[in-house]
Amino acid sequence: MADTNQEFGTIIGADANFKGELSFDSAAKLLGKFEGTINAKGRVYIADGSQCKATVKAKEISVEGHIDGNVEAADRVEIKNKGAITGDITAARMIMAEGASIDGHCRIGVNGHTPPSSSSPRSSSFSEPKPTSSVAPPQPVKK
Amino acid sequence: MAKPKATTTPRREIRCYLCGHVFDVSSMTMSVPCPRCNKALKVEDVHVKTYVPVNDLQTCGKITVAKNGRVVARVIRAGEGIDCEGTLEGAIEADDRVILNGKSTWKGKTLVTSALVIEDGAKLHGHVKVPWERPIPPPTPTTPPSSSSTRAARSTTEVKPTKDESTPSHVESPSMP
(Lines give C-alpha, C1' and ligand atoms only; values in the text may rest on other atoms or scores of the structure.)
Protein backbone atom coordinates (compact mmCIF):
# COMPACT_ATOMS: atom_id res chain seq x y z
CA MET A 1 0.00 0.00 0.00
CA ALA A 2 1.33 3.38 -0.90
CA ASP A 3 1.35 5.49 2.22
CA THR A 4 2.76 8.61 0.65
CA ASN A 5 1.33 11.80 2.03
CA GLN A 6 0.45 12.99 -1.51
CA GLU A 7 -2.26 10.39 -1.56
CA PHE A 8 -4.06 11.96 1.40
CA GLY A 9 -5.75 15.32 1.15
CA THR A 10 -6.19 15.53 4.92
CA ILE A 11 -3.49 14.66 7.41
CA ILE A 12 -3.74 14.95 11.17
CA GLY A 13 -0.16 15.05 12.37
CA ALA A 14 1.47 12.94 15.02
CA ASP A 15 1.56 15.79 17.51
CA ALA A 16 -2.06 16.81 16.90
CA ASN A 17 -4.89 16.17 19.34
CA PHE A 18 -8.25 16.60 17.60
CA LYS A 19 -11.68 16.54 19.22
CA GLY A 20 -14.87 16.88 17.23
CA GLU A 21 -16.42 15.82 13.96
CA LEU A 22 -14.36 15.44 10.81
CA SER A 23 -15.94 15.16 7.37
CA PHE A 24 -14.18 14.99 4.03
CA ASP A 25 -14.64 13.66 0.52
CA SER A 26 -11.23 12.30 -0.34
CA ALA A 27 -8.65 10.46 1.75
CA ALA A 28 -7.40 11.24 5.23
CA LYS A 29 -4.51 10.03 7.31
CA LEU A 30 -4.53 10.09 11.08
CA LEU A 31 -1.17 10.10 12.81
CA GLY A 32 -2.06 11.70 16.13
CA LYS A 33 -4.97 11.51 18.54
CA PHE A 34 -8.58 11.89 17.51
CA GLU A 35 -11.75 11.88 19.55
CA GLY A 36 -15.20 12.27 18.04
CA THR A 37 -16.65 11.23 14.71
CA ILE A 38 -15.15 10.72 11.26
CA ASN A 39 -17.41 10.76 8.20
CA ALA A 40 -15.67 10.22 4.90
CA LYS A 41 -16.67 9.37 1.37
CA GLY A 42 -13.17 8.20 0.61
CA ARG A 43 -10.46 6.42 2.49
CA VAL A 44 -9.32 6.74 6.09
CA TYR A 45 -5.92 5.55 7.20
CA ILE A 46 -5.25 5.17 10.92
CA ALA A 47 -1.47 5.07 11.15
CA ASP A 48 0.68 3.09 13.53
CA GLY A 49 0.84 4.72 16.93
CA SER A 50 -2.27 6.83 16.48
CA GLN A 51 -5.19 6.75 18.89
CA CYS A 52 -8.70 7.12 17.53
CA LYS A 53 -11.54 7.18 20.02
CA ALA A 54 -14.28 7.70 17.51
CA THR A 55 -17.00 6.35 15.33
CA VAL A 56 -15.49 6.01 11.88
CA LYS A 57 -17.60 5.86 8.72
CA ALA A 58 -15.87 5.76 5.35
CA LYS A 59 -15.70 3.90 2.09
CA GLU A 60 -12.41 2.26 2.95
CA ILE A 61 -10.66 2.10 6.31
CA SER A 62 -7.10 0.94 6.91
CA VAL A 63 -5.99 0.46 10.49
CA GLU A 64 -2.46 0.21 11.79
CA GLY A 65 -3.12 2.08 15.02
CA HIS A 66 -5.90 1.74 17.55
CA ILE A 67 -9.59 2.55 17.08
CA ASP A 68 -11.84 2.61 20.11
CA GLY A 69 -15.31 2.91 18.62
CA ASN A 70 -17.56 1.54 15.95
CA VAL A 71 -16.26 1.20 12.42
CA GLU A 72 -18.45 1.19 9.33
CA ALA A 73 -17.04 0.85 5.84
CA ALA A 74 -19.04 0.90 2.64
CA ASP A 75 -16.35 -1.05 0.87
CA ARG A 76 -13.72 -2.60 3.08
CA VAL A 77 -11.82 -2.58 6.35
CA GLU A 78 -8.18 -3.60 6.41
CA ILE A 79 -6.51 -4.28 9.74
CA LYS A 80 -2.74 -4.58 9.63
CA ASN A 81 -0.75 -6.73 12.04
CA LYS A 82 -0.32 -3.88 14.54
CA GLY A 83 -3.89 -2.66 14.20
CA ALA A 84 -6.53 -2.95 16.88
CA ILE A 85 -10.24 -2.21 16.90
CA THR A 86 -12.35 -2.19 20.04
CA GLY A 87 -15.89 -1.81 18.81
CA ASP A 88 -18.35 -3.12 16.29
CA ILE A 89 -17.26 -3.52 12.67
CA THR A 90 -19.62 -3.36 9.72
CA ALA A 91 -18.26 -3.68 6.21
CA ALA A 92 -18.74 -5.37 2.91
CA ARG A 93 -15.25 -6.85 3.02
CA MET A 94 -12.55 -7.20 5.62
CA ILE A 95 -8.92 -8.20 5.51
CA MET A 96 -7.18 -8.97 8.76
CA ALA A 97 -3.52 -9.77 9.21
CA GLU A 98 -2.15 -12.12 11.81
CA GLY A 99 -1.34 -10.21 14.96
CA ALA A 100 -4.17 -7.73 14.67
CA SER A 101 -6.70 -7.55 17.45
CA ILE A 102 -10.46 -7.14 17.51
CA ASP A 103 -12.94 -6.99 20.32
CA GLY A 104 -16.43 -6.39 19.02
CA HIS A 105 -19.28 -7.57 16.90
CA CYS A 106 -18.36 -8.15 13.26
CA ARG A 107 -20.81 -8.00 10.41
CA ILE A 108 -18.81 -8.57 7.28
CA GLY A 109 -20.00 -9.38 3.80
CA VAL A 110 -23.63 -9.69 4.69
CA ASN A 111 -25.69 -9.17 1.53
CA GLY A 112 -22.56 -7.85 -0.16
CA HIS A 113 -23.04 -4.31 1.08
CA THR A 114 -23.01 -2.38 4.29
CA PRO A 115 -26.27 -2.78 6.15
CA PRO A 116 -27.64 0.02 8.31
CA SER A 117 -26.11 0.15 11.76
CA SER A 118 -29.47 -0.29 13.48
CA SER A 119 -30.38 -3.39 11.54
CA SER A 120 -31.68 -6.52 13.16
CA PRO A 121 -29.11 -9.01 14.44
CA ARG A 122 -30.41 -11.78 12.21
CA SER A 123 -28.75 -12.04 8.85
CA SER A 124 -30.63 -12.80 5.71
CA SER A 125 -27.70 -13.93 3.63
CA PHE A 126 -26.80 -16.73 6.00
CA SER A 127 -29.37 -19.26 5.00
CA GLU A 128 -30.60 -21.56 7.67
CA PRO A 129 -29.92 -25.21 6.92
CA LYS A 130 -32.94 -26.68 5.29
CA PRO A 131 -34.07 -30.15 6.28
CA THR A 132 -33.14 -32.71 3.71
CA SER A 133 -35.72 -35.39 3.52
CA SER A 134 -35.64 -38.35 1.23
CA VAL A 135 -39.27 -39.18 2.01
CA ALA A 136 -41.58 -38.17 -0.78
CA PRO A 137 -44.74 -36.24 0.14
CA PRO A 138 -47.89 -38.41 0.35
CA GLN A 139 -49.62 -38.90 -2.95
CA PRO A 140 -53.37 -38.76 -3.26
CA VAL A 141 -54.93 -42.20 -3.46
CA LYS A 142 -56.52 -42.89 -6.81
CA LYS A 143 -59.70 -44.90 -6.85
CA MET B 1 23.42 -61.30 21.11
CA ALA B 2 22.33 -57.85 20.02
CA LYS B 3 20.07 -55.89 22.30
CA PRO B 4 16.67 -54.87 20.94
CA LYS B 5 16.61 -51.18 20.05
CA ALA B 6 14.65 -48.98 22.40
CA THR B 7 11.96 -47.26 20.34
CA THR B 8 11.09 -43.72 21.41
CA THR B 9 7.67 -42.63 20.29
CA PRO B 10 7.45 -38.89 19.58
CA ARG B 11 5.35 -37.07 22.13
CA ARG B 12 3.10 -34.09 21.81
CA GLU B 13 1.73 -31.73 24.39
CA ILE B 14 -2.02 -31.23 24.44
CA ARG B 15 -4.38 -29.20 26.54
CA CYS B 16 -7.72 -30.55 27.67
CA TYR B 17 -10.38 -28.40 26.04
CA LEU B 18 -12.74 -29.06 28.93
CA CYS B 19 -10.63 -28.43 32.05
CA GLY B 20 -7.47 -26.86 30.59
CA HIS B 21 -5.08 -29.47 31.94
CA VAL B 22 -1.85 -29.78 29.92
CA PHE B 23 -0.26 -33.18 29.48
CA ASP B 24 1.78 -35.30 27.09
CA VAL B 25 0.54 -38.01 24.78
CA SER B 26 2.06 -40.05 22.00
CA SER B 27 1.89 -38.39 18.61
CA MET B 28 -0.02 -41.43 17.34
CA THR B 29 -2.79 -41.01 19.92
CA MET B 30 -6.23 -40.50 18.41
CA SER B 31 -8.17 -40.00 21.64
CA VAL B 32 -7.31 -40.08 25.31
CA PRO B 33 -9.04 -39.53 28.65
CA CYS B 34 -7.91 -36.42 30.46
CA PRO B 35 -5.99 -37.44 33.59
CA ARG B 36 -7.56 -34.60 35.49
CA CYS B 37 -11.24 -34.55 34.54
CA ASN B 38 -11.40 -38.08 33.07
CA LYS B 39 -13.38 -36.88 30.07
CA ALA B 40 -12.60 -38.40 26.69
CA LEU B 41 -10.65 -36.07 24.44
CA LYS B 42 -10.23 -36.27 20.70
CA VAL B 43 -6.60 -35.63 19.80
CA GLU B 44 -6.47 -36.25 16.07
CA ASP B 45 -6.87 -33.63 13.38
CA VAL B 46 -10.32 -33.30 11.82
CA HIS B 47 -11.09 -32.80 8.14
CA VAL B 48 -14.58 -31.73 7.17
CA LYS B 49 -15.52 -32.19 3.53
CA THR B 50 -19.32 -32.35 3.74
CA TYR B 51 -22.21 -31.06 5.82
CA VAL B 52 -21.61 -32.00 9.44
CA PRO B 53 -24.34 -31.05 11.93
CA VAL B 54 -23.15 -31.90 15.45
CA ASN B 55 -23.63 -30.62 18.95
CA ASP B 56 -19.90 -30.18 19.55
CA LEU B 57 -16.94 -30.44 17.22
CA GLN B 58 -13.90 -30.42 19.41
CA THR B 59 -10.39 -31.74 19.15
CA CYS B 60 -7.00 -31.01 20.59
CA GLY B 61 -5.67 -31.02 17.03
CA LYS B 62 -6.50 -28.92 13.99
CA ILE B 63 -9.82 -28.57 12.19
CA THR B 64 -9.74 -28.17 8.44
CA VAL B 65 -12.93 -27.33 6.57
CA ALA B 66 -12.80 -27.92 2.84
CA LYS B 67 -14.51 -25.81 0.21
CA ASN B 68 -17.74 -27.80 0.33
CA GLY B 69 -17.50 -28.50 4.05
CA ARG B 70 -20.02 -27.08 6.44
CA VAL B 71 -20.04 -27.44 10.20
CA VAL B 72 -23.13 -26.57 12.21
CA ALA B 73 -22.45 -26.91 15.90
CA ARG B 74 -23.06 -25.27 19.25
CA VAL B 75 -19.35 -25.07 19.89
CA ILE B 76 -16.29 -25.69 17.73
CA ARG B 77 -13.07 -26.13 19.69
CA ALA B 78 -9.65 -26.69 18.18
CA GLY B 79 -6.42 -26.88 20.13
CA GLU B 80 -4.24 -26.27 17.10
CA GLY B 81 -6.34 -23.86 15.12
CA ILE B 82 -8.79 -23.91 12.25
CA ASP B 83 -8.29 -23.55 8.52
CA CYS B 84 -11.63 -22.88 6.86
CA GLU B 85 -12.50 -22.70 3.20
CA GLY B 86 -16.14 -23.61 3.74
CA THR B 87 -18.77 -22.67 6.29
CA LEU B 88 -18.67 -22.68 10.08
CA GLU B 89 -21.70 -22.05 12.22
CA GLY B 90 -21.35 -21.94 15.97
CA ALA B 91 -19.19 -20.56 18.73
CA ILE B 92 -15.49 -21.01 18.02
CA GLU B 93 -12.73 -21.45 20.59
CA ALA B 94 -9.25 -22.01 19.22
CA ASP B 95 -5.92 -22.01 21.02
CA ASP B 96 -4.03 -21.44 17.80
CA ARG B 97 -4.49 -19.46 14.60
CA VAL B 98 -7.83 -19.40 12.82
CA ILE B 99 -7.70 -18.76 9.08
CA LEU B 100 -10.87 -17.74 7.25
CA ASN B 101 -10.16 -18.03 3.56
CA GLY B 102 -11.68 -15.82 0.91
CA LYS B 103 -14.76 -17.91 0.27
CA SER B 104 -15.37 -18.99 3.83
CA THR B 105 -18.24 -18.02 6.08
CA TRP B 106 -18.56 -17.93 9.83
CA LYS B 107 -21.70 -17.20 11.76
CA GLY B 108 -21.98 -17.63 15.48
CA LYS B 109 -22.21 -16.11 18.90
CA THR B 110 -18.50 -15.74 19.62
CA LEU B 111 -15.19 -16.35 17.92
CA VAL B 112 -12.29 -16.34 20.35
CA THR B 113 -8.79 -17.28 19.31
CA SER B 114 -5.17 -16.34 19.84
CA ALA B 115 -4.73 -15.15 16.26
CA LEU B 116 -7.12 -14.60 13.39
CA VAL B 117 -6.41 -14.19 9.70
CA ILE B 118 -9.25 -13.03 7.47
CA GLU B 119 -8.77 -13.04 3.73
CA ASP B 120 -10.61 -10.78 1.35
CA GLY B 121 -14.11 -12.09 0.65
CA ALA B 122 -14.70 -13.99 3.89
CA LYS B 123 -18.05 -13.44 5.57
CA LEU B 124 -18.44 -13.05 9.32
CA HIS B 125 -21.31 -12.47 11.64
CA GLY B 126 -20.80 -12.54 15.38
CA HIS B 127 -18.69 -11.26 18.24
CA VAL B 128 -14.95 -11.61 17.69
CA LYS B 129 -12.33 -11.42 20.42
CA VAL B 130 -8.72 -11.66 19.28
CA PRO B 131 -6.28 -12.25 20.90
CA TRP B 132 -7.71 -14.62 23.46
CA GLU B 133 -6.11 -17.14 25.77
CA ARG B 134 -7.81 -20.07 27.40
CA PRO B 135 -7.92 -19.58 31.18
CA ILE B 136 -5.17 -21.59 32.82
CA PRO B 137 -6.51 -23.83 35.59
CA PRO B 138 -4.96 -23.62 39.06
CA PRO B 139 -2.14 -26.13 39.49
CA THR B 140 -2.90 -29.31 41.37
CA PRO B 141 -0.23 -30.82 43.64
CA THR B 142 -0.59 -34.30 42.12
CA THR B 143 -0.03 -33.09 38.55
CA PRO B 144 3.52 -33.74 37.33
CA PRO B 145 5.15 -30.95 35.32
CA SER B 146 4.69 -31.35 31.57
CA SER B 147 7.83 -31.92 29.56
CA SER B 148 8.64 -30.55 26.13
CA SER B 149 7.32 -32.60 23.27
CA THR B 150 8.28 -33.40 19.73
CA ARG B 151 5.85 -33.37 16.86
CA ALA B 152 5.40 -36.04 14.25
CA ALA B 153 2.96 -36.98 11.55
CA ARG B 154 -0.43 -37.68 13.08
CA SER B 155 -3.46 -39.56 12.03
CA THR B 156 -6.45 -37.63 10.79
CA THR B 157 -10.08 -38.43 10.33
CA GLU B 158 -12.93 -37.21 8.30
CA VAL B 159 -15.79 -36.57 10.67
CA LYS B 160 -19.27 -37.92 10.28
CA PRO B 161 -22.32 -36.39 11.87
CA THR B 162 -22.40 -37.58 15.47
CA LYS B 163 -24.04 -36.66 18.72
CA ASP B 164 -22.01 -35.36 21.65
CA GLU B 165 -23.76 -34.17 24.78
CA SER B 166 -20.79 -32.68 26.64
CA THR B 167 -21.53 -29.08 25.79
CA PRO B 168 -21.39 -26.41 28.48
CA SER B 169 -24.45 -24.31 28.97
CA HIS B 170 -22.93 -20.97 27.93
CA VAL B 171 -22.69 -21.76 24.24
CA GLU B 172 -25.47 -21.06 21.84
CA SER B 173 -27.76 -23.48 20.15
CA PRO B 174 -26.98 -23.96 16.48
CA SER B 175 -29.43 -23.42 13.70
CA MET B 176 -30.10 -27.07 13.26
CA PRO B 177 -31.89 -28.31 10.18
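Hydrogens, waters and symmetry mates are skipped; everything else that's a heavy atom, side chains included, is used. Please read all numbers here as calculations on a predicted model, not as lab measurements. We name chains A, B, ... by the order of the sequence lines, and we start the count at 1 in each one.
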Is there a path of hydrophobic side-chain contacts, each under 4.5 Å between heavy atoms, that joins [X] and [Y]?
X	Y	answer
Leu88(B)	Val46(B)	yes
Leu22(A)	Leu30(A)	yes
Val112(B)	Leu116(B)	no
Ile99(B)	Ile76(B)	no
Val98(B)	Trp132(B)	no

For this session: Quick one: pull up SG in Cys106(A) and CG in Leu111(B) and give me the separation to the nearest 0.5 Å.
Result: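 Cys106(A) SG to Leu111(B) CG: 8.5 Å, rounded to 0.5 Å.
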
For this session: Output the distance between atom CG (Asp120(B)) and atom CD (Glu78(A)), rounded to the nearest 0.5 Å.
Result: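 So the CG of Asp120(B) and the CD of Glu78(A) are separated by 8.5 Å.
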
For this session: Go through His127(B) and Asp103(A) one step at a time and tell me if the side-chain contact (heavy atoms from CB on, under 4.5 Å) criterion holds.
Result: CA-CA 7 Å; His127(B) 189 97; Asp103(A) 189 357; 3.1 Å; yes

Exercise. Does atom CZ of Arg97(B) have more than 12 heavy-atom neighbours from other groups under 6.0 Å away?
Worked result: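 12 or below, so no.
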
Problem set entry | Winner by heavy-atom pair count (cut-off under 4.5 Å) against chain B, out of Glu98(A), Arg76(A), Arg93(A) |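 Of Glu98(A), Arg76(A), Arg93(A), Glu98(A) has the most heavy-atom pairs under 4.5 Å with chain B.
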
Exercise. Measuring heavy-atom distances to chain A, does Ala115(B) have an atom under 4.5 Å in its side chain, in its backbone, in both, or in neither?
Worked result: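 Side chain only.
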
For this session: Could you point out which residue of Ile108(A), Ile102(A), Ile89(A) forms a side-chain contact (heavy atoms from CB on, under 4.5 Å) with Leu124(B)?
Result: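 So the option named by the test is Ile108(A).
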
Exercise. Side chains of His125(B) and His105(A): closer than 4.5 Å at any heavy-atom pair?
Worked result: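 Counting from C-beta outward, His125(B) and His105(A) do come under 4.5 Å.
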
For this session: Heavy-atom distances under 4.5 Å only: say whether Ala100(A) touches chain B with side chain, backbone, both or neither.
Result: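 Contact with chain B involves the backbone of Ala100(A) alone.
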
